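Below you'll find the structure, written out as structure tokens, and then a few comments.
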Amino acid sequence: MSVHECYMARALQLAANGLYTTDPNPRVACIIVKNDEIVGEGWHQRAGEGHAEVNAIDKAGKRAAGADCYVTLEPCSHFGRTPPCADLLISAGIKRVFIAMKDPNPLVSGNGIKRLNDAGIEVMVGILEQQAEALNPGFCKRMRTGMPYVRAKIAMSLDGGTAMTSGESKWITGPAARQDVQQLRARSSAILSGMGTVLADDPAFTVRPEGGWYPENQAVRQPLRVIVSSHSAIPETAQILDDSANVLLITTDSNICKQSADVITTPEKQGQVDLSVMMSELAKREINEVMVEAGSILNGALLEAGLIDEIIIYMAPKLMGDSAKGVFHLPKLQTMAQNIDLTITDIRAVGSDWRITATPN
């Protein structure tokens, strides 16, 4: 590993500190290096607060003049909630800037680099680029395509059951897997589920930070809870309505207007919510990462529509029998040639269960 990769690896490690808190902004970190010594470092902690470059320059002070800067994402070049970071690096007297990846935001992409070059600053782009991209899959996809990154979470038995015929599903997996799910929730912009899950389980879909994994001294950011229901309102007794300001109902029924939660009406597609339109609407609300916690029907519909980017399966060492409910409802698949191929990207033990991460091909 080169010295530049070592410094960028440190920056990426710092950027991950914002995994649960920066939404809808990307997770970014910056390191200031002078005479082979880190003289300032910082990361973006929360939307509306100082960007990574601001925090790093503040710590470096006058030592920033003539120093090198390592940043995980191209410095911004426009006025948003904060001033342009490219201008800050220029005024601080930075000599060289090493960037992991170009910003996919059309307002920034290439403009920050150009501004630095025009000021006579040497710029190098592409150091640990893949790792930087992996840190912000939702932000990158939303900026490039106008759609969020969708991650489907599934808890199942060894024989593929997700619930008993009665609907009973607590608990398939053990405590370690359930805490791992909490971390997935915490990094997500929104939790997506269907009305069937709300009626059967009455879930809260909240982040519960027990176990010491959530950043200290940071208020818990609760993801938006999004419920899909073509024709029904959320029952007023549902747990998720305890915080109705953070709930969104997606429906095709324009008559649902007295719901205490926010409501979006989409066009019908074969009598159901148009899921592609729904995802586009979520992206317009700056939703980067969507975590799906739903039953087989919504899971199957999302997969058939090509809207799932990643599947995370928690597989428990249990057998639930032939009558148990399955993972994906895919009635159109009738032959082996119609199978949906997946690429497994990670398998690891989580307590007594196994976590399998896969992507649709």
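Bear in mind that the values here come from a model prediction, so they are computed numbers and not experimental data.
Contact of the Gln338 side chain with the Leu330 side chain is not registered, since no non-hydrogen atoms from C-beta on lie closer than 4.5 Å. Considering only heavy atoms from C-beta on, Ile227 stays 4.5 Å or farther from Ile250 through its side chain. Put simply, the side chain of Val125 does not reach to within 4.5 Å of the side chain of Glu74, judged on heavy atoms.
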**Request:** Applying salt bridge (charged side-chain N to carboxylate O under 4.0 Å, His left out), run through Glu129 and Lys102 and close with a yes or a no.
**Result:** CA-CA 9 Å; Glu129 183 175 7; Lys102 186 183 290 188; over 6 Å; no

**Request:** Decide yes or no on side chain to side chain contact (heavy atoms under 4.5 Å, CB included) for Val220 and Gln222, but give the supporting numbers first.
**Result:** CA-CA 6 Å; Val220 176; Gln222 293 291 349; 3.6 Å; yes

**Prompt:** Where do Arg27 and Arg187 land on the side chain to side chain contact (heavy atoms under 4.5 Å, CB included) test, with the steps shown first?
**Reply:** CA-CA 11 Å; Arg27 300 121 185 171; Arg187 69 171 291 165; 3.3 Å; yes

**Request:** Could you give me the CA-CA distance, side-chain angles and deciding distance for Trp43 and Thr72, then say whether side chain to side chain contact (heavy atoms under 4.5 Å, CB included) is met?
**Result:** CA-CA 10 Å; Trp43 64 92; Thr72 59; over 6 Å; no

**Request:** Apply side chain to side chain contact (heavy atoms under 4.5 Å, CB included) to Asp346 and Ile356, showing your working.
**Result:** CA-CA 6 Å; Asp346 185 72; Ile356 303 170; over 6 Å; no

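Arg221 pairs with exactly one of Asp23, Thr21, Thr22 by the side chain to side chain contact (heavy atoms under 4.5 Å, CB included) rule, that one being Asp23.
With salt bridges taken as basic N to acidic carboxylate O contacts below 4.0 Å, one links Asp309 and Lys141. Salt-bridge formation is detected for the pair Glu293/Arg185: a Lys NZ or Arg NE/NH1/NH2 atom is positioned less than 4.0 Å from an Asp or Glu carboxylate oxygen. Here Glu41 does not pair with Lys59 in a salt bridge; the nearest charged N to carboxylate O distance is not below 4.0 Å. With respect to the salt-bridge test (charged N to carboxylate O, under 4.0 angstrom), the residues Arg285 and Asp262 qualify.
Between the side chain of Thr173 and the backbone N or O of Ala155 there is no donor-acceptor pair closer than 3.5 Å. Between the side chain of Gln182 and the main chain of Arg208, a donor-acceptor pair closer than 3.5 Å is present. Side chain of Arg115 to main chain of Ser77: a donor-acceptor pair is present (N/O by atom type, distance under 3.5 Å, no hydrogens or angles). Distance alone, capped at 3.5 Å, places no donor-acceptor pair between the Gln183 side chain and the Tyr214 backbone.
Cluster membership check: Val226 does not share its hydrophobic cluster with Val277, using side-chain heavy-atom separations under 4.5 Å among Ile, Leu, Val, Met, Phe, Trp and Tyr. If you chain together hydrophobic residues whose side chains sit under 4.5 Å apart, Ile308 and Tyr149 never meet in one group. By the criterion of side-chain heavy atoms lying less than 4.5 angstrom apart, applied directly or through intervening Ile, Leu, Val, Met, Phe, Trp or Tyr residues, Met278 is grouped together with Val290 in one hydrophobic cluster.
Nearest approach of Ala238 to Asp202, heavy atoms of both residues: CA-OD1, 3.5 Å. The heavy-atom pair separating Cys140 from Glu133 by the smallest distance is CB-OE2, 3.5 Å.
Cation-pi geometry between Arg178 and Trp171 is met: the NZ or CZ atom falls under 6.0 Å from the ring centre, inside 45° of the normal.
The closest side-chain donor-acceptor pair between Gln272 and Ser230 falls under 3.5 angstrom.
The aromatic rings of Tyr70 and Phe98 lie parallel to each other, their planes meeting at an angle below 30°, with 60° marking the opposite boundary.
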